[in-house]
Amino acid sequence: MDEALVERVRAVVLDIPSGRVLAYGDVAELAGAPSPRLVGRILAEDGHDLPWHRVLRSDGSMATHLVHEQLELLRAEGVLADGERIDMRRYRWTEPLPEREEPQLGLWD
DNA sequence: CCGGTGACTACTA
DNA sequence: GTAGTAGCCACCG
C-alpha cells in the first residue's frame, strides 16, 4: 500500500467533527485517493484507532457487518438514523466551515 | 495473465 | 422508491 496515502486518509477521517459524517467518496477526494474502494480497504486495515464510524456510503447506508455498531456509535454523537440509514443531507460534513455557522439547528425537523 | 472480491458510486430503467 | 450495470483499484489464488 501507499503509506503516504494511508496517512492522508487517516488525517481526513480524524478531521471529521463529532456529530458529522462523510461518504467514502468524500474522503477519497479530500485525501487524493484514486477510488473510494481504497478508502474502505484502508479503514479496514488501519482504521481501528480512528473515528471510522463517521465514514459511510454516499446514500447513508453502511456495510452489513458494521451497521449495528456504527449506528450505535453515531447515535452516541447525536447522529440519528432513519431505520438503518443516515440522512446525509443533514449530517454530511461538506467543508471545514471556518466562518459560516449552522443556521438554527432545530428549525427544520 | 485472469477472474473474483470488497467498509464504493453514479447512471439508467 | 428499488434493481441492474459499469467503472473503480488493490489483493489474492
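Just so you know, these numbers use all the heavy atoms, side chains as well, and skip hydrogens, waters and symmetry mates. Below, chains carry the letters A, B, ... as their sequence lines are ordered, and counting in each starts from 1. A quick note: this is a predicted structure, and the numbers were derived from the prediction, not measured.
A donor-acceptor pair under 3.5 Å is absent between the side-chain atoms of A:Asp15 and the main chain of A:Val12, judged by distance alone. A donor-acceptor contact shorter than 3.5 Å is absent between the side chain of A:Tyr91 and the backbone of A:Leu22. Here the side chain of A:Arg10 pairs a donor or acceptor atom with the backbone of A:Asp46 at under 3.5 angstrom. Side-chain atoms of A:Gln70 come within 3.5 Å of backbone N or O of A:Val55 as a donor-acceptor pair.
When the P atom of B:dG6 is taken as reference, atom CE of A:Met62 falls 19 Å away, rounded to whole Å. The distance from atom CD1 of A:Ile86 to atom P of B:dA7 is 19 Å, rounded to the nearest whole Å. In this structure, A:Leu66 atom CG and B:dC8 atom C1' are separated by 13 Å, rounded to whole Å. For the pair A:Arg57 CZ and B:dA7 P, the computed distance is 9 Å after rounding to whole Å. Atom CH2 in A:Trp52 sits about 13 Å away from atom P in B:dC8, given to the nearest Å. Rounded to whole Å, atom P of B:dA7 lies 16 Å from atom CD of A:Glu84. Residue A:Leu50 contributes atom CG, which lies 17 Å from atom P of B:dA7 at whole-angstrom precision. If you take CG of A:Leu71 and C1' of B:dA7, they are 14 Å apart, rounded to a whole angstrom.
Just one residue in the list A:Leu71, A:Leu80, A:Asp59 forms a side-chain contact (heavy atoms from CB on, under 4.5 Å) with A:Ile86, and that residue is A:Leu71.
Counting non-hydrogen atoms under 4.0 angstrom, A:Ala23 reaches the backbone sugars and phosphates but no base. Among the heavy atoms of the strands lying under 4.0 Å from A:Leu56 are primed sugar atoms or P, OP1, OP2 only; no base atom is included.
Nucleotides B:dA7 and C:dG13 are separated by 23 Å at their C1' atoms, to the nearest Å.
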Discussion item. Taking Watson-Crick (N1-N3 plus N6-O4 or O6-N4) and G-U wobble (N1-O2, O6-N3), each under 3.5 Å, can you produce the dot-bracket string of DNA chain C? Use [ ] for crossing pairs and | for inter-strand ones.
Written reply: .||||||.|||||
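Checked for salt-bridge contact, A:Glu77 and A:Arg54 meet the test: a charged N lies under 4.0 Å from a carboxylate O. The pair A:Asp26-A:Arg92 meets the salt-bridge criterion, since a charged nitrogen lies less than 4.0 angstrom from a carboxylate oxygen.
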Can you name the atoms? Protein N/O to nucleotides 5-9 of chain C N/O, anything below 3.5 Å, with the distance.
residue	atom	partner	partner atom	Å
C:dC8	O2	A:Arg37	NE	3.0

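The phosphate of B:dA7 has neither OP1 nor OP2 within less than 4.0 Å of any side-chain N or O from A:Thr64.
In terms of hydrophobic clustering, with Ile, Leu, Val, Met, Phe, Trp and Tyr side chains grouped at heavy-atom distances under 4.5 Å, A:Val13 and A:Tyr24 are assigned to a common cluster.
For the pair A:Arg85 and A:Glu45, both in contact range of DNA chain C, the more 5′-proximal nearest nucleotide belongs to A:Arg85.
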